[in-house]
Amino acid sequence: MVKLENMKNIFLSDSVINLDHGDPTAYEEYWRKIGDRCTVTIRGCDLMSYFSDVNNMCWFLEPKLAEAIKELHDAVGNAATEDRYIVVGTGSTQLCQAAVHALSSLAGTQPVSVVAAAPYYSTYVEETTYVRSGMYKWEGDAWGFDKKGPYIELVTSPNNPDGTIRETVVNRPDDDEGKVIHDFAYYWPHYTPITRRQDHDIMLFTFSKITGHAGSRIGWALVKDTEVAKKMVEYIIVNSIGVSKESQIRTAEILKVLKETCKSETENFFEYGHEMMKNRWEKLRGVMKESDVFSLPKYPEAYCNFFGKTLGSYPAFAWLGTKEETDLVNELRRRKVMSRAGERCGSDKKHVRVSMLSREDVFNVFLERLANMKLIKSIDL
């Protein structure tokens, strides 16, 4: 009789693997080992009201979640939380839309230009064009943006898709019309060294990319300005009348465990995630050395304040490229590997974004298929 695990491997060896999305299933094993410590019991009579805290501007934010967010940022040292409003959203996608709406509505002149430096997160385009709002307009690549008037720059650091550390690109002397939204979805120790405590007007974070719990659909924004926070809350009220309390309570419990174990020698999630990502990137670069197909970026090492030592970066996505004019997304598709086309990220056909956050067996099949591809000579950027 064929063993179940062998049958699974046989199935995977000939199946299409989808590495286009960033579904973070790679962390399942860690949370399985944690067991019932994050289990939450919700009775039928619990959490029935729309309201969580009527004294809070963001009245649908559960106090337990607000406390857990502050404690985790304090433990990791990646973002300032004092003198800020916490706005909870259904993932950072909703929060980004809320922030763009808030800044646009306060700009005075409309439509407000929205830009991001290429290669950029492809969903930014969808978020700013889908509803065809007259308040703002997607203007594309920030590197070449020189249009007069108010604008919003979206800065993702570490960047999605290429993993680089980003700052603002649109710099105009004595210009007070530009606003910035900082997306720090991947500014956590398992992806990149924590070199400083970020302190910006609007900072976005998402539960999914920290712990892997994408299904809970929870994100939060740390916002300095009162009026911006009010407008963001108004947007979420109109859009979804708040955020699921069940998801917030579960998130609070998991963040609490994350904070409690982040200094543990045996249960530190960030240590676990860092070692896993490092191992995967070493395997991928090993394939690159033996391959004549792809290029990969190099990332400088930096001192990580959280781990207390110099470390490299191990992004959640691999930004694969080729030297020749090759439609890389189709080349991979022919090998039954789904990836995100570079063109969707403001780049070109020679680049694709590939998720590094799949389950281990899927990742290993991906490496096998890469190793068997023959296109061009590999070179590190």
Chemist: So, do Trp188 and His274 have ring centers that fall under 6.0 Å from each other?
Modeler: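 No - the distance between ring centres of Trp188 and His274 does not fall below the 6.0 Å cut-off.
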
Chemist: Quick check on the 6.0 Å ring-centre criterion: do Tyr27 and His190 meet it?
Modeler: yes

Chemist: Nearest 0.5 Å please: distance from the CD1 atom of Ile218 over to the OG1 atom of Thr206.
Modeler: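 Going from the CD1 atom of Ile218 to the OG1 atom of Thr206 covers 9.0 Å.
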
Chemist: Kindly state whether the ring of Phe306 and the ring of Phe270 have centres lying under 6.0 angstrom apart.
Modeler: yes

Chemist: Got a salt bridge between Lys231 and Glu227, using NZ or NE/NH1/NH2 to carboxylate O under 4.0 Å?
Modeler: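 Salt bridge between Lys231 and Glu227, a charged N being under 4.0 Å from a carboxylate O: no.
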
Chemist: Specify the closest pair of heavy atoms between Gln198 and Tyr187, including all atoms of both residues, with the distance to one decimal.
Modeler: CG-CE2, 3.5 Å

Chemist: Could you tell me which residues satisfy side-chain hydrogen bond (donor to acceptor under 3.5 Å, both in side chains) with Thr90, sequence neighbours excluded, listed by chain and number?
Modeler: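 Applying side-chain hydrogen bond (donor to acceptor under 3.5 Å, both in side chains) to Thr90 gives Gln94.
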
Chemist: Could you check whether Glu139 pairs with Lys147 (Lys NZ or Arg NE/NH1/NH2 to Asp/Glu carboxylate O, under 4.0 Å)?
Modeler: yes

Chemist: Should Glu282 and Lys289 count as an ion pair when the cut-off is N to O under 4.0 Å?
Modeler: no

Chemist: Let me confirm one number: the CG-SG distance from Asn160 to Cys345, rounded to the nearest 0.5 Å.
Modeler: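 The SG atom of Cys345 is 7.0 Å from CG of Asn160, to the nearest 0.5 Å.
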
Chemist: Does anything in residues 66-91 pair up under salt bridge (charged side-chain N to carboxylate O under 4.0 Å, His left out), and if so which pairs, sequence neighbours excluded?
Modeler: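 Found Glu82-Arg197, Arg84-Asp199.
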
Chemist: What distance separates Leu311 CG from Phe307 CZ, expressed to the nearest 0.5 Å?
Modeler: 6.5 Å

Chemist: For residues His73 and Phe205, establish whether the separation of their ring centroids is below 6.0 Å.
Modeler: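 Yes, the ring centres sit under 6.0 Å apart.
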
Chemist: Are Tyr130 and Trp138, when compared by the centres of their aromatic rings, separated by less than 6.0 Å?
Modeler: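 Distance test on ring centres: not under 6.0 Å, no.
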
Chemist: Does the gap between the ring centers of Phe207 and Trp220 come in under 6.0 Å?
Modeler: no

Chemist: So, for Ala341 and Val352, which heavy atoms are closest and what is the spacing to 0.1 Å?
Modeler: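 Shortest heavy-atom separation between Ala341 and Val352 comes out as CA-CG1, 4.5 Å.
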
Chemist: Quick one: are Val54 and Trp59 in side-chain contact, heavy atoms under 4.5 Å?
Modeler: no

Chemist: May I ask you to say whether Asp14 pairs ionically with Lys336, meaning some side-chain N is under 4.0 Å from a carboxylate O?
Modeler: yes

Chemist: Do the charged groups of Arg32 and Glu29 touch, with an N to O distance under 4.0 Å?
Modeler: yes

Chemist: Would you tell me whether Ser313 and Thr192 have side-chain atoms, one donor and one acceptor, within less than 3.5 Å of each other?
Modeler: yes

Chemist: According to the ring-ring contact (aromatic ring centres under 6.0 Å, His included) rule, which pairs have a member within residues 96-116, sequence neighbours left out?
Modeler: His101-Tyr235

Chemist: Would you please test Glu167 and Arg196 for salt bridge (charged side-chain N to carboxylate O under 4.0 Å, His left out) and show each step?
Modeler: CA-CA 13 Å; Glu167 301 287 348; Arg196 61 175 171 166; 2.7 Å; yes

Chemist: Is a side-chain donor or acceptor of Asn268 paired with a backbone partner of Cys262 at a separation under 3.5 angstrom?
Modeler: yes

Chemist: Determine, step by step, whether Tyr124 and Asp183 satisfy the side chain to side chain donor-acceptor pair (under 3.5 Å) criterion, reporting the C-alpha distance in whole Å, the side-chain angles of both residues, the deciding distance to 0.1 Å, and the verdict.
Modeler: CA-CA 11 Å; Tyr124 288 153; Asp183 187 341; 2.9 Å; yes

Chemist: Going through the checks in order, is the salt bridge (charged side-chain N to carboxylate O under 4.0 Å, His left out) test met by Arg359 and Glu28?
Modeler: CA-CA 8 Å; Arg359 293 182 176 90; Glu28 282 180 343; 2.9 Å; yes

Chemist: Please tell me if the side chains of Val87 and Leu95 come closer than 4.5 Å, counting only heavy atoms from C-beta onward.
Modeler: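 Contact flag for Val87/Leu95 side chains = yes.
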
Chemist: Out of curiosity, Thr211 OG1 to Ile34 CD1, how far, rounded to the nearest 0.5 Å?
Modeler: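 That separation rounds to 11.5 Å.
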
Chemist: Run Arg217 and Ser244 through side chain to side chain donor-acceptor pair (under 3.5 Å) and show every step you take.
Modeler: CA-CA 9 Å; Arg217 306 307 308 128; Ser244 167; over 6 Å; no

Chemist: Between Asn372 and Arg369, do the side chains contain a donor N or O and an acceptor N or O under 3.5 Å apart?
Modeler: no

Chemist: Applying salt bridge (charged side-chain N to carboxylate O under 4.0 Å, His left out), which residue pairs with at least one partner in residues 33-42 are found, sequence neighbours left out?
Modeler: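 Non-adjacent pairs meeting salt bridge (charged side-chain N to carboxylate O under 4.0 Å, His left out): Arg37-Glu267.
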
Chemist: Backbone N or O of Pro119 within a donor-acceptor pair of the Asn159 side chain at under 3.5 Å?
Modeler: yes

Chemist: To the nearest 0.5 Å, how far apart are CG in Leu284 and CG in Leu320?
Modeler: 6.5 Å

Chemist: Run the side chain to side chain contact (heavy atoms under 4.5 Å, CB included) test on Leu103 and Val112 for me, step by step, so that the C-alpha distance in whole Å, both residues' side-chain angles and the decisive distance to 0.1 Å come before the verdict.
Modeler: CA-CA 9 Å; Leu103 294 175; Val112 176; over 6 Å; no

Chemist: To the nearest 0.5 Å, what is the distance between CG (Leu65) and SG (Cys58)?
Modeler: 9.5 Å

Chemist: Assess the pair Tyr50 and Phe60: is the distance between their ring centroids shorter than 6.0 Å?
Modeler: no

Chemist: Would Lys283 and Glu360 pass as an ion pair if we require N to O under 4.0 Å?
Modeler: yes

Chemist: Does Glu253 pair with Arg250 as a salt bridge, N-O distance under 4.0 Å?
Modeler: no

Chemist: Is there a salt bridge (charged side-chain N to carboxylate O under 4.0 Å, His left out) between Arg335 and Glu331 once you walk through the steps?
Modeler: CA-CA 7 Å; Arg335 276 76 174 185; Glu331 289 288 341; 2.8 Å; yes

Chemist: Arg132: what forms a side-chain hydrogen bond (donor to acceptor under 3.5 Å, both in side chains) with it, not counting sequence neighbours?
Modeler: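 Not a single residue meets the side-chain hydrogen bond (donor to acceptor under 3.5 Å, both in side chains) criterion with Arg132.
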
Chemist: My understanding is that only residues two or more places apart in sequence, or in another chain, count here; which of them pass side-chain hydrogen bond (donor to acceptor under 3.5 Å, both in side chains) with Asp225?
Modeler: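 Counting only residues at least two positions away or on another chain, Asp225 forms no side-chain hydrogen bond (donor to acceptor under 3.5 Å, both in side chains).
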
